[in-house]
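First comes the structure, then the notes that go with it.
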There are 2 protein chains.
Amino acid sequence: MRKTTDDITDLVQIGQVAQTLGVNPKTVRYYEEIKLIPEAPRNNAGYRLYDQAAFDRLSFILRARNLDFSLDDIGEILALREDGEAPCLYVTELVDRRISDIDTRIEGLRQLRHELEDIREEARSIPREDILLNDCICHLIENEALVARDPLKEKD
Amino acid sequence: MRKTTDDITDLVQIGQVAQTLGVNPKTVRYYEEIKLIPEAPRNNAGYRLYDQAAFDRLSFILRARNLDFSLDDIGEILALREDGEAPCLYVTELVDRRISDIDTRIEGLRQLRHELEDIREEARSIPREDILLNDCICHLIENEALVARDPLKEKD
DNA sequence: CTTGACATTCCAGTAGATGGAAACTATACA
DNA sequence: TGTATAGTTTCCATCTACTGGAATGTCAAG
């Protein structure tokens, strides 16, 4: 007994596809709903059935998601491919943009981490008797550099 | 003519508060809607009016948001303060958790960046004649390590 | 015949806002 | 007095990428 591996008529249900790809079946239905994947054909019971092509497309989508591409971007890529164009050029542009986004994000997180470290330091130096003073909400956050100007404190 | 700066009866409208703090007025209304700030009193026209205390609270919230605290967390902090407790201890715990989250996130981004760099490299080495081959959606993403097992390709 | 594991649809909710529409108010200017 | 402009109000919708839950249907095994 052997499954005819190359037989494209092999069909599997949503649960198996989802489990194999490590996602929630709801995610797969959701992708269909937003037309990222075509409507899956159904069996007599109304269950969705997936063939190799459907599986591959889904698999591609998830791999792209792992690379943090948005569903919109992925849709673009798939659409290009369907028009017979190789989306690779478009993808490299996306990749370049994503890399630059990531650099920005990392820098932002570094900065944020630094500020939080400062707060952590500060926490060790606040006099116990100050901690319950009622003139602020929380020394730790309050003491951070105040950027906003206060419209109620403007003179003249 | 001088504004009596210390007079806490000075009141400003939402637009001025928002502009001064550098946020959208909608954000301020939103915070009221989710009860992060108390309902602002209104003038005859039904316009919201903000006093010093309201401004300070809002300002605190935004500073905490800048530190990437969730609105839920910020609500907790404010609630503690209202109960007369100094939230500093709670805040340090939050801070510790956030720092650890950030480290995780940065590491994830670094990893992601690395993968995207690989794709970028790959893009330079794909033979022009391969680019339009129809057996894949996009070489660049396709060539990435495939993690999922394919249920349609299982033998035996 | 029932139990359990699947599947279906539909509705709602998540976080943190933001956009837009329709209506009202306030102020300045001619 | 009229009107133009700007600010405000409420309400509803939208964004991202799903996920949870309810009510119902299907299927195979024991």
Side-chain angles (χ1 to χ4, degrees), chain A residues 11-37 39-50 54 57-78 94 97-98 101-102 105 108 112 151, chain B residues 11-37 39-50 54 57-58 60-78 94 97-98 101 105 108 112 151:
Chain A
L11 297 173
V12 289
Q13 293 183 9
I14 199 169
Q16 173 134 38
V17 170
Q19 196 188 357
T20 308
L21 291 171
V23 289
N24 194 316
K26 296 231 176 198
T27 304
V28 180
R29 290 192 201 99
Y30 172 69
Y31 287 168
E32 181 179 312
E33 189 190 326
I34 64 170
K35 298 178 192 314
L36 197 55
I37 55 180
E39 285 190 24
R42 311 295 183 102
N43 67 10
N44 291 338
Y47 290 13
R48 288 174 181 81
L49 295 174
Y50 297 86
R57 189 181 176 100
L58 205 40
S59 169
F60 174 85
I61 291 169
L62 296 171
R63 209 152 37 233
R65 280 294 297 144
N66 274 342
L67 294 172
D68 220 23
F69 287 105
S70 73
L71 294 181
D72 264 8
D73 283 344
I74 296 170
E76 275 300 315
I77 296 169
L78 291 169
L94 281 185
R97 242 179 293 151
R98 290 292 301 123
D101 287 351
I102 287 169
R105 184 81 186 117
L112 178 58
Chain B
L11 297 172
V12 289
Q13 293 182 10
I14 199 168
Q16 173 137 37
V17 169
Q19 196 187 357
T20 307
L21 291 170
V23 290
N24 194 315
K26 297 233 175 195
T27 304
V28 180
R29 292 193 199 99
Y30 172 68
Y31 287 168
E32 180 179 313
E33 188 189 326
I34 63 171
K35 296 178 195 312
L36 197 54
I37 55 181
E39 285 191 22
R42 312 293 184 105
N43 67 9
N44 291 338
Y47 289 13
R48 288 174 179 80
L49 296 175
Y50 297 86
R57 188 180 175 100
L58 205 40
F60 174 85
I61 292 168
L62 295 171
R63 209 152 37 233
R65 280 293 296 144
N66 274 342
L67 294 172
D68 220 23
F69 287 107
S70 72
L71 294 181
D72 265 8
D73 283 345
I74 296 169
E76 276 300 315
I77 295 170
L78 291 168
L94 281 185
R97 240 180 295 151
R98 289 293 300 123
D101 287 351
R105 184 80 186 119
L112 178 59

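In the text below, chain A, chain B and the rest are named by the order of the sequence lines, each starting its count at 1. Quick caveat: nothing in here was measured; it's all calculated off a predicted structure.
In the set dC6(C), dT19(D), dT8(C), dT19(D) carries the atom at the smallest distance from any side-chain atom of Thr27(A). Side chain of Arg29(B), nearest nucleotide from dT10(D), dT19(D), dT9(C): dT10(D).
Side-chain atoms of Tyr30(A) come within donor-acceptor range of the base of dA17(D), with a qualifying N/O pair under 3.5 Å.
No engagement by Ile34(B) is indicated, since no non-hydrogen atom pair under 4.0 Å with the nucleic acid exists.
Atom P of nucleotide dC6(C) and atom CD of Gln16(A) are separated by 11 Å, given to the nearest angstrom. Computed from coordinates, the Ile61(B) CD1 to dA17(C) C1' distance equals 14 Å when rounded to whole Å. We find that CG of Leu11(B) is positioned 19 Å from P of dG7(D), with the value rounded to whole Å. Note: CD (Gln19(B)) to P (dT8(D)) measures 9 Å, nearest angstrom.
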For a side-chain contact (heavy atoms from CB on, under 4.5 Å) check, start with the C-alpha distance between Glu39(A) and Glu32(A), then their side-chain angles and the critical distance, and finish with the verdict. CA-CA 6 Å; Glu39(A) 285 190 24; Glu32(A) 181 179 312; 3.9 Å; yes

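Comparing Val23(A) and Gly46(B) against DNA chain D, the residue whose closest nucleotide sits nearer the 5' end is Gly46(B).
Between atom OH of residue Tyr31(B) and atom NZ of residue Lys26(B) there is a gap of 15.0 Å, rounded to the nearest 0.5 Å.
In this structure, Arg42(A) does not reach the dT26(D) phosphate: none of its side-chain N or O atoms is under 4.0 Å from OP1 or OP2. Residue Arg48(B) places none of its side-chain N or O atoms closer than 4.0 Å to OP1 or OP2 of dT8(D). OP1 or OP2 of dC18(D) sits under 4.0 Å from a side-chain N or O of Tyr31(A). Remark: Asn24(A) is in phosphate contact with dG20(D), judged by side-chain N or O atoms under 4.0 Å from OP1 or OP2. For the OP1/OP2 pair of dT8(D) and a distance below 4.0 Å, the side-chain nitrogens and oxygens of Gln13(B) include at least one atom meeting the criterion.
What you find for Ile77(A) and Leu94(A) is that their closest heavy atoms are CD1-CD1, 4.0 Å. In plain terms, the two heavy atoms of Val28(B) and Ala18(B) that are nearest each other are CG2-CB, 4.4 Å.
Using a 4.5 Å heavy-atom cutoff, the side chains of Leu78(A) and Ile61(A) are in contact.
Counting non-hydrogen atoms of neighbouring residues, nucleotides and ligands closer than 6.0 angstrom, the CZ atom of Arg65(B) exceeds 12 such neighbours.
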Show the distances under 3.5 angstrom between N or O atoms of the protein and N or O atoms of nucleotides 21-24 of chain C.
none

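In this structure, the side chain of Arg48(B) does not engage the main chain of Val12(B) through any donor-acceptor pair within 3.5 Å.
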